[in-house]
Student: 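Pasting in a structure now, in structure tokens, and then I'll have a few things to ask.
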Amino acid sequence: MTVLYVIIKYFTVIGTYVKAFFEHVCCRLYEVLIEDGRYIPANEMCGHVDHEIIKRRGASFGVCFFPFLFSLIIGMIFLSAGSMNVYYLGEFFTKSGYVNIVNFIFLWLGVSFLTNLFPSVEDAITLKGLLYGENTNLFVKIIASPIFAVLYCGAYLEKWGVTFVTSVAFSFVLPSIYAHILPVIS
């Protein structure tokens, strides 16, 4: 499955690179030693920064969560613009008859960012050990459990390439979600 993983990572290269960059920045902010700074090697670390095992709970959570959050925000902005124009408004062509390539680029960028949201499986397992260890109080376990569940499940889904399929499916569904929400707001 590493071949499929690497193919998907290279197809969504912009999201892969930016996610690894955000992970690199978070490792620097939390003073985590980076072992290999390559962003897109052709192995299971494609799109992730190879760093030392994190021993602090806050640093582990930050390295897993903040790149996820930044990629999610950027991906939703591009996917909203692309999917609304392509699927809902049907703007496939410009007024002069050419293909409206900007809408398709926004759609691809949105799918690219949403495909590369989650931490590596090793980071998710480390976060699990730190969050649900003996030294963590019950309040922290309860508050962190929804975010941890999303990060942990998403890490495994990304490992098997399922996040690409879910991102493409979400791009089809997003305009109808907006169509149902926006009339209620106005």
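We're numbering straight along the sequence, starting at 1.
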Student: Does E23 use its side chain to pair, donor to acceptor, with the backbone of H48 at less than 3.5 Å?
Tutor: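 Checked: no pair found.
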Student: Between F172 and Y87, is the side chain to side chain contact (heavy atoms under 4.5 Å, CB included) condition met? List the steps.
Tutor: CA-CA 7 Å; F172 286 113; Y87 300 133; 3.4 Å; yes
Student: Yes or no on side chain to side chain contact (heavy atoms under 4.5 Å, CB included) for F118 and V150, after CA distance, side-chain angles and deciding distance?
Tutor: CA-CA 9 Å; F118 301 104; V150 169; 4.0 Å; yes
Student: For T126, check side chain to side chain donor-acceptor pair (under 3.5 Å) against everything at least two apart and list the hits.
Tutor: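 By the side chain to side chain donor-acceptor pair (under 3.5 Å) rule, T126 matches no residue at all.
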Student: Which heavy atom of C26 sits nearest a heavy atom of G62, and at what distance?
Tutor: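 Taking C26 first and G62 second, the nearest heavy atoms are SG-O, 4.0 Å.
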Student: Is there a continuous path of hydrophobic side-chain contacts, each under 4.5 Å between heavy atoms, that joins V165 to V6?
Tutor: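 No.
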Student: List the atom pairs, donor and acceptor, that lie under 3.5 Å between side-chain atoms in residues 7-17 and the rest of the protein, sequence neighbours left out.
Tutor:
{"residue": "K9", "atom": "NZ", "partner": "N116", "partner atom": "OD1", "Å": "2.7"}
{"residue": "K9", "atom": "NZ", "partner": "E158", "partner atom": "OE2", "Å": "2.7"}
{"residue": "Y10", "atom": "OH", "partner": "I40", "partner atom": "O", "Å": "3.1"}
{"residue": "T12", "atom": "OG1", "partner": "I8", "partner atom": "O", "Å": "2.8"}
{"residue": "T12", "atom": "OG1", "partner": "N116", "partner atom": "ND2", "Å": "3.1"}
{"residue": "T16", "atom": "OG1", "partner": "K9", "partner atom": "O", "Å": "2.9"}
{"residue": "T16", "atom": "OG1", "partner": "T12", "partner atom": "O", "Å": "2.9"}
{"residue": "T16", "atom": "OG1", "partner": "N116", "partner atom": "OD1", "Å": "3.3"}
{"residue": "T16", "atom": "OG1", "partner": "N116", "partner atom": "ND2", "Å": "3.4"}

Student: Under the criterion side-chain contact (heavy atoms from CB on, under 4.5 Å), which of L109, I74, V111 is the partner of L79?
Tutor: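 Only one of L109, I74, V111 forms a side-chain contact (heavy atoms from CB on, under 4.5 Å) with L79, namely V111.
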Student: Would you check if F61 and I147 make a side-chain contact, meaning some heavy-atom pair closer than 4.5 Å?
Tutor: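 The answer is yes; the side chains approach within 4.5 Å.
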Student: Can you name the side chain to side chain donor-acceptor pair (under 3.5 Å) partners of Y30, sequence neighbours left out?
Tutor: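 Listed in chain order: nothing, the list is empty.
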Student: Does Y152 have any side chain to side chain contact (heavy atoms under 4.5 Å, CB included) partners at least two apart in sequence or in another chain, and if so, which?
Tutor: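 Checked Y152 against side chain to side chain contact (heavy atoms under 4.5 Å, CB included); matches are A124, I125, K128, F148, Y156.
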Student: According to side chain to side chain donor-acceptor pair (under 3.5 Å), who are the partners of R38, at least two apart in sequence or on a separate chain?
Tutor: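 R38 satisfies side chain to side chain donor-acceptor pair (under 3.5 Å) with D36 once adjacent residues are dropped.
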Student: Taking only residues two or more places apart in sequence, or in another chain, which ones meet L29 in a side chain to side chain contact (heavy atoms under 4.5 Å, CB included)?
Tutor: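 Once residues adjacent in sequence are excluded, the partners of L29 under the side chain to side chain contact (heavy atoms under 4.5 Å, CB included) criterion are V25.
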Student: Answer yes if I53 and V121 sit in the same cluster of Ile, Leu, Val, Met, Phe, Trp and Tyr residues linked by side chain heavy atoms under 4.5 Å apart, and no otherwise.
Tutor: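 No.
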Student: Working note: L127 + L151, criterion side chain to side chain contact (heavy atoms under 4.5 Å, CB included); need CA distance, chi angles, decisive distance, verdict.
Tutor: CA-CA 9 Å; L127 182 62; L151 293 175; 4.2 Å; yes
Student: For S171 and S83, which heavy atoms make the closest approach, and how far apart are they?
Tutor: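 Shortest heavy-atom contact: O-CB, 3.3 Å.
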Student: Taking only residues two or more places apart in sequence or in another chain, which ones pass side chain to side chain contact (heavy atoms under 4.5 Å, CB included) with I177?
Tutor: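 For I177, the residues satisfying side chain to side chain contact (heavy atoms under 4.5 Å, CB included) (neighbours in sequence not counted) are F170, V173, I181.
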Student: How would you list, by chain and number, every residue that makes a side chain to side chain donor-acceptor pair (under 3.5 Å) with S80, sequence neighbours excluded?
Tutor: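 Testing S80 for side chain to side chain donor-acceptor pair (under 3.5 Å), a comparison that skips the adjacent residues, returns Y178.
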Student: If hydrophobic residues (ILVMFWY) are linked whenever their side-chain heavy atoms come closer than 4.5 Å, directly or via other members, who joins M45 in its cluster?
Tutor: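 Result for M45 is none, singleton.
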Student: Kindly give the heavy-atom pair with the smallest separation between G110 and F78, and that separation in Å.
Tutor: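 Looking at all heavy atoms of both residues, the shortest contact is N-CB, 3.6 Å.
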Student: Report the C-alpha distance between M84 and L174 in whole Å, list the side-chain angles of each, state the deciding distance to 0.1 Å, and finish with yes or no for side chain to side chain contact (heavy atoms under 4.5 Å, CB included).
Tutor: CA-CA 8 Å; M84 287 298 287; L174 186 64; 6.0 Å; no
Student: Using the test side chain to side chain contact (heavy atoms under 4.5 Å, CB included), find all partners of E35 that sit at least two apart in sequence or belong to another chain.
Tutor: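 E35 satisfies side chain to side chain contact (heavy atoms under 4.5 Å, CB included) with D50, E52 only.
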Student: Let me check something: any side-chain donor-acceptor pairs from residues 135-143 under 3.5 Å, sequence neighbours excluded? List them with distances.
Tutor:
{"residue": "T136", "atom": "OG1", "partner": "L130", "partner atom": "O", "Å": "3.1"}
{"residue": "T136", "atom": "OG1", "partner": "L131", "partner atom": "O", "Å": "3.2"}
{"residue": "N137", "atom": "OD1", "partner": "V140", "partner atom": "N", "Å": "3.0"}

Student: Side-chain heavy atoms under 4.5 Å apart, restricted to Ile/Leu/Val/Met/Phe/Trp/Tyr: what other residues fall into the cluster of L33, or is it alone?
Tutor: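 Under the 4.5 Å side-chain rule, L33 groups with nothing.
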Student: Above 12 or not: heavy atoms from other molecules or residues under 6.0 Å from CZ of R56?
Tutor: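 It does: R56 CZ has more than 12 such atoms within range.
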